[in-house]
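Here's the structure, in structure tokens; my notes come after.
Computed from a predicted structure; not experimentally measured.
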Amino acid sequence: TPAETRDKDLRRRFGCSEEDILLLAVGRLAARKGFGLLLQSFSKVKKKSPNSILVIVGRGNLRSRLLRQAKRLGLEGSVFIESSMKFDELALLYRVSDLVVYPSYYEGQGLIPLESMASGTPVATVNHGPLPEMVDSSVGSLFTMGDINSMSEVILSELNDKSKLLEKGRAGRNLVCKKFTFKKNANDFLNLYESIVN
């Protein structure tokens with residue numbers, strides 16, 4: 001079908017076949033987003049899952065530094081950094097990825113995990129701040145913030161079972177549709193304000 005062709009074309013753009021593993025990370029290329037740490041973890045992932053590709057989508061002044069780091073780690077040809085992407089193309093990239101990794105050191109909310117889950121793709125993120133309120137073992141997994149080994153182990157564990165990834169992707173989408181909608185958030189705020197007034 002045209003949709004399947006479009007999906008395959010986007011994966012092929014990054015040298016990723018249907019059998020390969022596509023990891024996605026999205027966010028501003030700033031130190032607090034943890035992409036340098038992600039590259040170190042990904043080098044460990046590649047040793048055990050050599051058919052893995054990492055795509056990072058984001059703007060920022062760390063792009064050239066991250067690309068140099070990837071080269072030093074021997075990841076040339078396996079790491080792609082896209083500075084910008086049209087919204088519909090990014091939405092498709094979320095859907096065709098096998099796992100979204102979100103290694104941020106600090107987040108007030110963290111929309112990337114929700115976007116990932118809404119797209120039906122499981123997410124691996126830090127066990128810190130508000131993120132464990134959104135992500136649990138039914139929709140993805142958590143790793144220790146700032147810990148390269150923890151991140152790589154969690155990624156490899158997730159990639160170990162493709163059918164489980166699909167299951168978690170469906171569960172994540174259901175969770176977002178049920179719990180993280182504008183209507184639900186508006187009702188939660190309304191209830192909070194009413195409890196304060198009363």
Side-chain angles (χ1 to χ4, degrees), residues 11 14-17 19-83 90 93-94 96-107 110-117 119 121-132 134-162 164-165 168-169 172:
R11 284 177 68 96
F14 304 108
C16 199
S17 71
E19 293 75 36
D20 293 333
I21 299 293
L22 181 55
L23 301 176
L24 174 63
V26 180
R28 198 161 46 86
L29 304 183
R32 73 181 179 88
K33 294 294 184 179
F35 293 129
L37 196 75
L38 172 58
L39 289 177
Q40 292 176 66
S41 293
F42 183 60
S43 70
K44 289 177 172 289
V45 169
K46 279 291 283 185
K47 286 173 184 156
K48 293 189 177 176
S49 180
N51 64 329
S52 299
I53 302 290
L54 171 63
V55 177
I56 299 172
V57 179
R59 290 188 179 95
N61 57 5
L62 292 184
R63 185 176 189 274
S64 55
R65 186 188 300 178
L66 290 169
L67 287 171
R68 284 196 304 271
Q69 182 184 356
K71 188 175 182 178
R72 276 196 313 273
L73 291 166
L75 297 172
E76 249 185 329
S78 297
V79 172
F80 299 85
I81 301 178
E82 295 281 315
S83 295
L90 178 57
L93 185 56
Y94 270 117
V96 302
S97 296
D98 295 292
L99 181 70
V100 170
V101 185
Y102 193 61
S104 184
Y105 283 100
Y106 169 78
E107 283 306 325
L111 291 176
I112 304 304
L114 292 179
E115 289 174 357
S116 174
M117 289 156 60
S119 304
T121 303
V123 59
T125 189
V126 296
N127 61 351
H128 185 76
L131 295 165
M134 295 181 268
V135 178
D136 62 19
S137 61
S138 70
V139 300
S141 55
L142 300 167
F143 52 81
T144 305
M145 186 174 69
D147 188 323
I148 296 163
N149 291 326
S150 175
M151 192 191 307
S152 59
E153 284 162 14
V154 160
I155 292 169
L156 286 165
S157 173
E158 288 295 309
L159 300 181
N160 199 33
D161 188 345
K162 274 232 179 186
K164 193 85 172 189
L165 282 177
K168 288 186 175 193

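- With hydrogens and angles disregarded, a donor-acceptor distance shorter than 3.5 Å links the side chain of D98 to the backbone of L22.
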L54/L39 under side-chain contact (heavy atoms from CB on, under 4.5 Å): CA gap, chis, key distance, verdict: CA-CA 9 Å; L54 171 63; L39 289 177; 3.9 Å; yes
Going through the checks in order, is the side-chain contact (heavy atoms from CB on, under 4.5 Å) test met by L24 and V101? CA-CA 6 Å; L24 174 63; V101 185; over 6 Å; no
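- Contact check for S104 versus V126: no side-chain heavy atoms found under the 4.5 Å cut-off.
- With hydrogens and angles ignored, the 3.5 Å screen pairs no side-chain donor or acceptor of K164 with any backbone N or O of E158.
- A donor-acceptor pair is defined here as one N or O able to donate and one able to accept, closer than 3.5 Å; such a pair exists between the side chain of N51 and the backbone of E19.
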Using the side-chain contact (heavy atoms from CB on, under 4.5 Å) rule, take F14 and L93 through it: C-alpha gap first, then chi angles, then the decisive distance, then the call. CA-CA 11 Å; F14 304 108; L93 185 56; 4.0 Å; yes
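- Looking only at side-chain heavy atoms (C-beta outward), V45 and S52 come within less than 4.5 Å of each other.
- With contacts defined as side-chain heavy-atom distances shorter than 4.5 Å, the pair F143/P103 qualifies.
- Side chains of V135 and M117 form a contact here, defined as non-hydrogen atoms less than 4.5 Å apart.
- Few gaps surround NZ on K162; more than 12 heavy atoms of other groups in view lie less than 6.0 Å from it.
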Checking V26 against Y94 for the side-chain contact (heavy atoms from CB on, under 4.5 Å) test, could you report, in this order, the C-alpha distance in whole Å, the side-chain angles of both residues, the deciding distance, and whether it holds? CA-CA 9 Å; V26 180; Y94 270 117; 3.8 Å; yes
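- Side-chain contact between D20 and S17: present, with at least one pair of heavy atoms (C-beta onward) separated by less than 4.5 Å.
- In this structure, I53 and L23 have side chains that are not in contact, with every pair of non-hydrogen atoms separated by 4.5 Å or more.
- A side-chain donor-acceptor contact under 3.5 Å links S41 to the backbone of I148.
- In this structure, CG on L29 lies 6.0 Å from CD1 on I81, to the nearest 0.5 angstrom.
- Proximity of a side-chain donor or acceptor of Q69 to a complementary backbone N or O of G36 within less than 3.5 Å is detected.
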